[in-house]
Amino acid sequence: MKRVYVDTSAYLCRLLGEGGADEVGAAIEGARLHTSSLLILEARRSLVWTARRGHLTPNRLNVLLDALREDLTAFAIKDLTVDLAADATMPAVTTPRSLDLAHLRTALWFHRREPLDCFVTRDEAQRHAARELGLPTP
């Protein structure tokens, strides 16, 4: 079974059915899924923010939050720890945003224990940084 790391951009793309959701679905189909506990924080915050901007009804927000809770049961989730935060790993050229870097370091943590088959993101800068660090991307 393939091992796939999913960052928040890819997860939300799939959850919300945005452009690229089919690509994310194909990348994660039948895979063991891995992520950071940051996905929970970022996804919940993004859904609430989207609702507060009037793009989700309260009912739709609740449905999506329930889906998030259910989806998390399919993931191996690694907490952001002091060891990950203090890790000196940094892409050679790209300078990722802080939470993106936390996702990258978490993916590397999984990858070092058992190689990942794919790092899935919808963020092009994140994809480039993942490649710099030797993570496989689609």
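The first residue in the sequence is number 1, and the count goes up from there. As the structure is a computational prediction, the values presented were derived from the model and not from experiment.
- Side-chain N or O atoms of D123 include one that pairs as donor or acceptor with a backbone N or O of A125 at under 3.5 Å.
- Using cut-offs of 30° and 60° for the angle between ring planes, the F119 and Y5 rings count as parallel.
- Of all non-hydrogen atoms in D117 and M1, the two that sit nearest each other are OD2-O, 4.3 Å.
- Residue I28 is grouped with residue L16 when hydrophobic side chains (ILVMFWY) are merged at heavy-atom distances under 4.5 angstrom, including chains of intermediate members.
- Linking ILVMFWY side-chain heavy atoms closer than 4.5 Å, directly or via other members, places L80 and F75 in two distinct hydrophobic clusters.
- Taken from CG in N62 to CG in L56, the straight-line distance is 10.5 Å, to the nearest 0.5 Å.
- Here the OG-CG distance, from S9 to D100, works out to 7.5 Å after rounding to the nearest 0.5 Å.
- Proximity of H111 to L133: side-chain heavy atoms (C-beta onward) are nowhere separated by under 4.5 Å.
- Without hydrogens or angle criteria, R122 side chain to E18 main chain gives no donor-acceptor distance under 3.5 Å.
- Here the OG1 atom belonging to T89 is positioned 12.5 Å from the CD atom belonging to E132, to the nearest 0.5 angstrom.
- To the nearest 0.5 Å, atom CG of residue D71 and atom CG of residue L33 are 9.0 Å apart.
- Counting heavy atoms from C-beta outward, I77 and I40 have side chains that approach closer than 4.5 Å.
- The minimum heavy-atom distance between A107 and L135, with the atom names listed, is CB-CD1, 3.8 Å.
- Atom NE2 of H103 and atom OG1 of T121 lie 8.5 Å apart (nearest 0.5 Å).
- The distance from atom CG of L12 to atom CZ of R14, rounded to the nearest 0.5 Å, is 13.0 Å.
- Counting all heavy atoms, side chain and backbone alike, K2 lies closest to A26 at NZ-O, 3.6 Å.
- Residues T35 and T8 are not in side-chain contact: their nearest non-hydrogen atoms beyond the backbone lie 4.5 Å or more apart.
- Between W109 and D87, the closest side-chain pair of non-hydrogen atoms is not below 4.5 Å.
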Report task. Kindly determine whether L68 and L39 satisfy side-chain contact (heavy atoms from CB on, under 4.5 Å), including the steps that lead there. Result -> CA-CA 10 Å; L68 169 62; L39 181 139; 4.2 Å; yes
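- Nearest heavy-atom pair across C13 and G20 is SG-C, 3.6 Å.
- With salt bridges taken as basic N to acidic carboxylate O contacts below 4.0 Å, none links E42 and R45.
- Looking at heavy atoms from C-beta onward, E114 lies out of side-chain contact with H34 at the 4.5 angstrom threshold.
- In this structure the side chain of L15 reaches within 4.5 angstrom of the side chain of L47, judged on heavy atoms.
- Side-chain contact between L38 and D7 is absent, with no heavy atoms from C-beta onward closer than 4.5 Å.
- Y11 and V6 make their closest contact through N-CG1, 3.8 Å (heavy atoms, listed as atom of the first residue, atom of the second, distance).
- A heavy-atom distance below 4.5 Å is found between the side chains of R69 and R44.
- Of all heavy-atom pairs between A27 and V4, the closest is O-CG2, 3.6 Å.
- Taking a 6.0 Å sphere around CZ of R131, one finds it holds more than 12 heavy atoms contributed by other residues, nucleotides or ligands.
- Atom CD of E29 has 12 or fewer heavy atoms from other residues, nucleotides or ligands within 6.0 Å.
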